[in-house]
Amino acid sequence: MIELYVVNVYFSFINLKAFLMKKFVCVVYVCTISSFYHSQTAKKTIPCYDLTEVLKVEATPLYKPHLDASKSFGVKLLRDSKTIQKYIGSGKFHKIKKTGKGYRVQKLDYSRAYMVSKAKTTLEKMGARFSKETKGHTFTVSSMTRTLEDQCRLRRVNANASVGISSHNYGNSFDISYIRFNDVLKYNPKMEAALEKVLNYYANAGRIYYIKERQQSCYHITVRNY
């Protein structure tokens with residue numbers, strides 16, 4: 001009888017232990033799922049920029065015409081991917097091909113290959129003109145349309161990236177490298193002079209503004225709503 005009682009107690013203990021282990025595993029699982037859900041929700045809902053602080057930054061006199069031109073296309077400040085998709089869906093933004101006559105688009109890690117129609121057309125015309133001027137050479141587009149979130153990511157690796165609003169945030173600006181021609185990263189004063197000649201032509205025609213950004217080794221071009 002004593003042996004039977006001991007056996008019953010032993011098995012009761014085993015069953016209790018198994019029950020408690022199941023309860024423990026369930027609690028840990030629920031907590032883990034809950035923690036993961038909340039962390040993912042936070043990532044989706046909390047932007048990496050402070051819009052109030054972004055709007056406080058005033059444009060320099062040199063850059064202000066770029067922003068004024070950008071705001072004339074009827075595109076609201078691009079905050080995230082959803083706003084980009086909205087303008088793609090409505091037909092306001094157009095896909096830019098990776099290659100075209102006179103230009104190439106490098107791999108874009110912090111911007112999107114979409115722009116308003118007039119910017120797309122201007123880029124293509126600039127490329128064709130550069131190709132004609134240089135007898136078939138190409139320049140390299142290094143950046144295009146960026147959201148505020150893209151800009152925030154860029155600042156993590158490039159301290160010189162704009163803290164305030166950029167004309168890239170409206171879909172009518174792009175950058176052209178002046179040290180990369182024909183897909184070759186090499187200083188080429190002859191090609192740079194040819195590129196600047198093309199930029200001056202379009203600037204004098206009232207179609208673009210441009211700034212030479214020495215820290216980024218590129219020309220920042222903003223297409224005007226001509």
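Counting begins at 1 with the first residue of the sequence.
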Asker: Side-chain donor-acceptor pair under 3.5 Å between H168 and D150, yes or no?
Answerer: no
Asker: Do the side chains of R129 and E124 get close enough for a salt bridge, i.e. N-O under 4.0 angstrom?
Answerer: no
Asker: Counting only heavy atoms not in R79, do more than 12 fall under 6.0 Å of its CZ?
Answerer: no
Asker: How about CD on E58, more than 12 heavy atoms from neighbouring residues, nucleotides or ligands closer than 6.0 Å, or not?
Answerer: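 Atom CD in E58 is not crowded, with 12 or fewer foreign heavy atoms closer than 6.0 Å.
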Asker: Would you say K212's side chain and C218's backbone share a donor-acceptor pair under 3.5 angstrom?
Answerer: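 Not at all, since once roles are kept as given, no pair shorter than 3.5 Å links the two residues.
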Asker: Working to the nearest 0.5 Å, report the span between NZ of K97 and NZ of K120.
Answerer: 6.5 Å
Asker: Same hydrophobic cluster for Y202 and V223, using side-chain heavy-atom links shorter than 4.5 Å among ILVMFWY?
Answerer: yes
Asker: Could you tell me whether the side chains of R146 and S173 share a donor-acceptor contact shorter than 3.5 Å?
Answerer: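 Result is no, nothing qualifies.
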Asker: Less than 6.0 angstrom separating the ring centers of H137 and F181, yes or no?
Answerer: no
Asker: Give me the ring orientation class for Y219 and Y210: parallel if the planes are under 30° apart, tilted from 30 to 60°, perpendicular past 60°.
Answerer: perpendicular
Asker: Working note: I165 + L77, criterion side chain to side chain contact (heavy atoms under 4.5 Å, CB included); need CA distance, chi angles, decisive distance, verdict.
Answerer: CA-CA 8 Å; I165 295 172; L77 183 64; 3.8 Å; yes
Asker: Can you say whether the rings of H220 and Y63 are parallel (under 30°), tilted (30 to 60°) or perpendicular (over 60°)?
Answerer: tilted
Asker: If you round to the nearest 0.5 Å, how far is NZ of K107 from NZ of K98?
Answerer: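 Between K98 NZ and K107 NZ, I get 9.5 Å after rounding to 0.5 Å.
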Asker: Go through the steps to decide whether S217 and Y178 satisfy the test side chain to side chain contact (heavy atoms under 4.5 Å, CB included), and finish with yes or no.
Answerer: CA-CA 6 Å; S217 300; Y178 60 75; 4.2 Å; yes
Asker: Under a plain distance cut-off of 3.5 Å, with no hydrogens placed, do S167 and T222 share a side-chain donor-acceptor pair?
Answerer: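 Yes, S167 and T222 have a side-chain donor paired with an acceptor closer than 3.5 Å.
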Asker: Does the separation of the ring centres of F93 and Y114 fall below 6.0 angstrom?
Answerer: no
Asker: Do the side-chain N and O atoms of Y170 and T145 include a donor-acceptor pair separated by under 3.5 angstrom?
Answerer: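 Result is no, nothing qualifies.
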Asker: Using distance alone, with no hydrogens and no angle criterion, decide if S70 and N172 have a side-chain donor and acceptor under 3.5 Å apart.
Answerer: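 Judged by distance alone, the side chains do pair up.
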Asker: Mind checking the CG-CD spacing from D183 to Q106? Nearest 0.5 Å is all I need.
Answerer: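 Here the interatomic distance stands at 9.5 Å.
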Asker: A quick test of your reading: do over 12 heavy atoms of other residues, nucleotides or ligands sit less than 6.0 Å from NZ of K118?
Answerer: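 Correct, the count exceeds 12.
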Asker: Taking atom types as modelled, is there a side-chain donor on N169 or Q151 under 3.5 Å from an acceptor on the other?
Answerer: yes
Asker: Quick one: do V75 and K92 satisfy side chain to side chain contact (heavy atoms under 4.5 Å, CB included)? Show the steps, please.
Answerer: CA-CA 8 Å; V75 174; K92 186 79 173 179; 3.8 Å; yes
